[in-house]
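Notes follow once the structure below has been shown.
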Amino acid sequence: MHHYVKSSSELLRKRGYRLTPQRSMILNVIHEADAHLSIEQISERVQQQNPAVSLSTIYRTLELLKELGLVRENRLPGEPPRYERAPGKAHHHLICRGCHVIIHLDENLLGNLHEDLQQQYGFHGLTLDLVASGYCQACWQKRQSFPSAGESTAGMKSTSTPDES
């Protein structure tokens with residue numbers, strides 16, 4: 001059993017839950033993933049191991065695992081939610097709006113912000129999830145070379161003559 005699954009199992013038990021075979025499969029799928037997974041990807045991987053696991057079981061399990069802080073749900077505008085294991089109290093992503101590559105940023109990027117917020121506002125058990133989006137170098141260069149239709153005509157003078165209008 002992976003350390004992640006073992007420590008997750010201990011936390012589940014402490015909170016009064018069991019590590020069911022379905023929960024174990026879902027935790028393993030998330031742990032072994034090399035990317036952020038959608039519900040569909042998690043479901044596909046779990047059902048390869050056990051086709052009897054329903055989509056509703058996966059949704060309920062992910063909700064529980066999120067509640068317990070064992071997985072993180074990442075939501076980007078216009079994208080389905082993606083899931084990954086939750087390694088600590090801070091988690092930051094840099095996401096390309098063009099190719100959707102996701103880069104994990106250093107969790108110390110914001111310094112002691114969570115301690116400062118706790119001290120100043122009295123909030124406890126904080127987690128910080130920063131999502132910054134923009135364009136990676138390759139996508140930025142493509143955008144500069146091929147501006148969108150709205151951008152390509154901006155600032156251009158009309159070359160039509162009065163007879164053509």
Side-chain angles (χ1 to χ4, degrees), residues 2-5 8 25-49 51 53-56 58-118 120-121 123 125-165:
H2 297 290
H3 173 71
Y4 170 68
V5 176
S8 299
M25 278 187 271
I26 292 167
L27 284 166
N28 274 316
V29 163
I30 292 170
H31 172 73
E32 293 171 356
D34 57 354
H36 300 76
L37 300 176
S38 67
I39 294 266
E40 291 77 20
Q41 291 169 315
I42 293 169
S43 176
E44 181 181 297
R45 293 176 188 194
V46 167
Q47 290 178 347
Q48 285 174 353
Q49 298 173 41
V53 178
S54 70
L55 190 56
S56 64
I58 294 170
Y59 273 105
R60 284 193 313 273
T61 301
L62 287 172
E63 282 301 316
L64 173 63
L65 298 176
K66 279 185 347 189
E67 239 178 74
L68 296 175
L70 296 172
V71 299
R72 269 201 174 84
E73 179 183 73
N74 299 301
R75 290 186 172 267
L76 303 174
E79 296 284 323
R82 304 262 175 189
Y83 298 87
E84 65 180 329
R85 61 188 181 134
K89 294 184 180 198
H91 196 70
H92 312 305
H93 294 101
L94 183 59
I95 300 167
C96 178
R97 291 183 197 145
C99 66
H100 303 286
V101 69
I102 299 173
I103 299 169
H104 284 126
L105 300 175
D106 181 1
E107 69 179 45
N108 296 317
L109 183 69
L110 300 178
N112 294 328
L113 181 60
H114 63 283
E115 283 106 2
D116 294 345
L117 292 171
Q118 181 176 326
Q120 187 170 349
Y121 297 100
F123 273 69
L126 289 170
T127 57
L128 296 174
D129 299 317
L130 171 69
V131 176
S133 65
Y135 295 95
C136 69
Q137 189 65 35
C139 290
W140 185 249
Q141 287 176 345
K142 284 179 196 170
R143 288 183 62 81
Q144 299 307 305
S145 300
F146 302 104
S148 68
E151 294 170 338
S152 64
T153 58
M156 295 179 75
K157 293 182 181 178
S158 172
T159 57
S160 64
T161 63
D163 296 339
E164 293 174 331
S165 4

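Atom CG of L113 sits about 9.5 Å away from atom CD of Q120, to the nearest 0.5 Å. Put simply, CZ on R85 and CD on E32 are 10.5 Å apart, with the number rounded to the nearest 0.5 Å. In this structure, the separation between CD1 on I42 and CD1 on I58 is 7.5 Å, given to the nearest 0.5 Å. K142 contributes atom NZ, which lies 13.5 Å from atom CD of Q144 (distance to the nearest 0.5 angstrom). Annotation: the span from I26 atom CD1 to Q49 atom CD amounts to 10.0 Å, rounded to 0.5 Å. Between the CG atom of L130 and the CG atom of L105 there is a distance of 7.0 Å, given to the nearest 0.5 Å.
Shown here are the salt bridge (Lys or Arg N to Asp or Glu O under 4.0 Å) partners of E73, two or more places apart in sequence or in another chain: K66, R75. Evaluation of the side-chain contact (heavy atoms from CB on, under 4.5 Å) rule for L68 yields L11, L12, R15, Y17, L64, L70 as partners, not counting sequence neighbours. With sequence neighbours excluded, the residues forming a side chain to side chain donor-acceptor pair (under 3.5 Å) with Q41 are S38, R82, listed by chain and number. With sequence neighbours excluded, the residues that form a side-chain contact (heavy atoms from CB on, under 4.5 Å) with A33 are L37, R45. The side-chain contact (heavy atoms from CB on, under 4.5 Å) check on L55 picks up I39, S43, Y59, with sequence neighbours excluded.
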Pairs of donor and acceptor atoms involving the side chains of residues 93-102, under 3.5 Å and at least two apart or interchain, shall be tabulated with distances.
residue	atom	partner	partner atom	Å
H93	NE2	H36	NE2	2.9
H93	NE2	E84	OE2	3.0
H93	NE2	H91	NE2	3.1
H93	NE2	H104	NE2	3.2
R97	NE	S133	OG	3.2
R97	NH2	S133	O	3.3

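V53 and M25 make their closest contact through CG2-CE, 3.8 Å (heavy atoms, listed as atom of the first residue, atom of the second, distance).
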